[in-house]
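Below you'll find the structure, written out as structure tokens, and then a few comments.
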Amino acid sequence: MIKFRAVFASLLAACSLQASAVLAASPASAAVAASCPSHYLDGRPPEIRNPKLAAATRPLCFSEFGVMHSGVTRTALWSAEHLAADQVVAAQGLDRDNAFHPEPRLPRGQRAELSDYARSGFDRGHLAPNGDMPDRTAQRESFSLANMVPQDRDHNRHIWAPIEGAVRKMAKKEGELYVITGPAFLGSSLRRVGNVIVPSHLYKVVYSPRQKAGAAWFVENRSDAPIQVIPVAELERILGIELLPSLNQRQKERMLALPKIRQKKSRY
DNA sequence: CGGCTTCAGCTA
DNA sequence: TAGCTGAAGCCG
């Protein structure tokens, strides 16, 4: 059983200046105007329950995924995809073309810049993965810094990459999946790279319509972190975000079997 | 066991 | 933007 307390007070304490500065710039109506239902289970995007997380948020739609961006953390709070089998096949026929760029739809005072990440020691880690993108347009969109978080190198390459591969494999088997990926900012010692807050954890929710079941990976943002698999309901409590609002509590407890991810032994 | 894939950073 | 570098899981 996990006993994380969702301590977002520290996040706000670390960023109070930015938070107050950007609050006025984010009308709540923007959230409605820019919803993109096709990326979400039953057309319903996640709902932020922890008010502290809601500061300076704005939804952004991309062709193959939708994000909720935070001007406080200068990252997304989630990135959501409807991942279909044929899309995965198309994506796997496309070579990678790195094109990291700041998100032009975001005001400069809220968005991450390439300079925030440069020589930081952290990877620019995709939330919605490049490897899921079926065409050049979607691929380029996935390289928006609005779809990135500062991620530990080894975590990204040796924990997250195999998880992403497992999700694509599962999507081909299940026919379709809904996938939501994002950061968590827990604890009292959050650090930052430039103006971007470094998440303490990353999560990835997978929901299979065919099995009517879901589950989530939840892993600390460091190398050699243990890979935890938890129910959607538990992740929602940890985050203070209702990720799959069209499901009832019982449905959120119904576990989808996720593939086992192998991990290198720790160096001891 | 070796090639393939996937995640990238850095430099010019 | 192109080119070079690198590690490790996956898979046949």
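Just so we're on the same page: letters track the sequence lines, and every chain starts at 1.
- For A:Phe100 and A:Phe143, the distance between ring centers is under 6.0 angstrom.
- Between A:Gln139 atom CD and B:dA8 atom P there is a gap of 12 Å when expressed in whole angstrom units.
- When each of B:dT6, C:dA7, B:dG9 is scored by its nearest atom to the side-chain atoms of A:Gln92, the top-ranked nucleotide is B:dT6.
- The distance between atom CG of A:Asp152 and atom C1' of B:dG9, rounded to the nearest whole Å, is 14 Å.
- Separating the CG atom of A:Asn156 from the P atom of C:dG9 is a distance of 14 Å, rounded to the nearest angstrom.
- Proximity of A:Lys169 to the phosphate of C:dC11: a side-chain N or O atom is located under 4.0 Å from OP1 or OP2.
- With distances taken from any side-chain atom of A:Arg262 to the nucleotides B:dC7, C:dC10, C:dA7, the minimum falls on C:dC10.
- The CD1 atom of A:Ile261 sits 11 Å away from the P atom of C:dG9 (whole-angstrom rounding).
- Between A:Arg96 and the phosphate of B:dC7, there is a side-chain N or O to OP1/OP2 separation shorter than 4.0 Å.
- Under the 6.0 Å distance and 45° angle rule, A:Arg105 counts as a cation-pi partner of A:Phe62.
- In this structure, A:Phe218 and A:His201 have parallel ring planes: the angle between them is below the 30° cut-off, well short of the 60° mark.
- Within the 4.0 angstrom heavy-atom criterion, base atoms lie near A:Asn98.
- Between the P atom of B:dT5 and the NE2 atom of A:His126 lies a distance of 18 Å, rounded to the nearest Å.
- For A:Phe65 and A:His39, the distance between ring centers is not under 6.0 angstrom.
- Put simply, CZ on A:Arg157 is 6 Å from P on B:dG9, counting in whole angstrom units.
- A:Phe143 comes within contact range of no nucleotide atom at all, as no heavy-atom separation falls under 4.0 Å.
- Residue contacts for A:Gly165: at a heavy-atom cut-off of 4.0 Å it reaches no nucleic acid atom on any strand shown.
- Two residues, A:Ala161 and A:Arg119, neighbour DNA chain B, and the one matched to the more 5' nucleotide by heavy-atom proximity is A:Ala161.
- Taking atom CG on A:Asp95 and atom P on B:dT6, their separation rounds to 10 Å, with Å as the unit.
- Among A:Val196, A:Leu145, A:Val198, the single residue meeting the side-chain contact (heavy atoms from CB on, under 4.5 Å) criterion with A:Thr75 is A:Val196.
- At the heavy-atom level, A:Tyr117 lies nowhere under 4.0 Å from the strands shown.
- Atom NE2 of A:His158 is separated from atom P of B:dT5 by 19 Å (rounded to the nearest Å).
- In this structure, of C:dC11, B:dC7, C:dG9, it is C:dG9 that holds the atom nearest to the side chain of A:Pro162.
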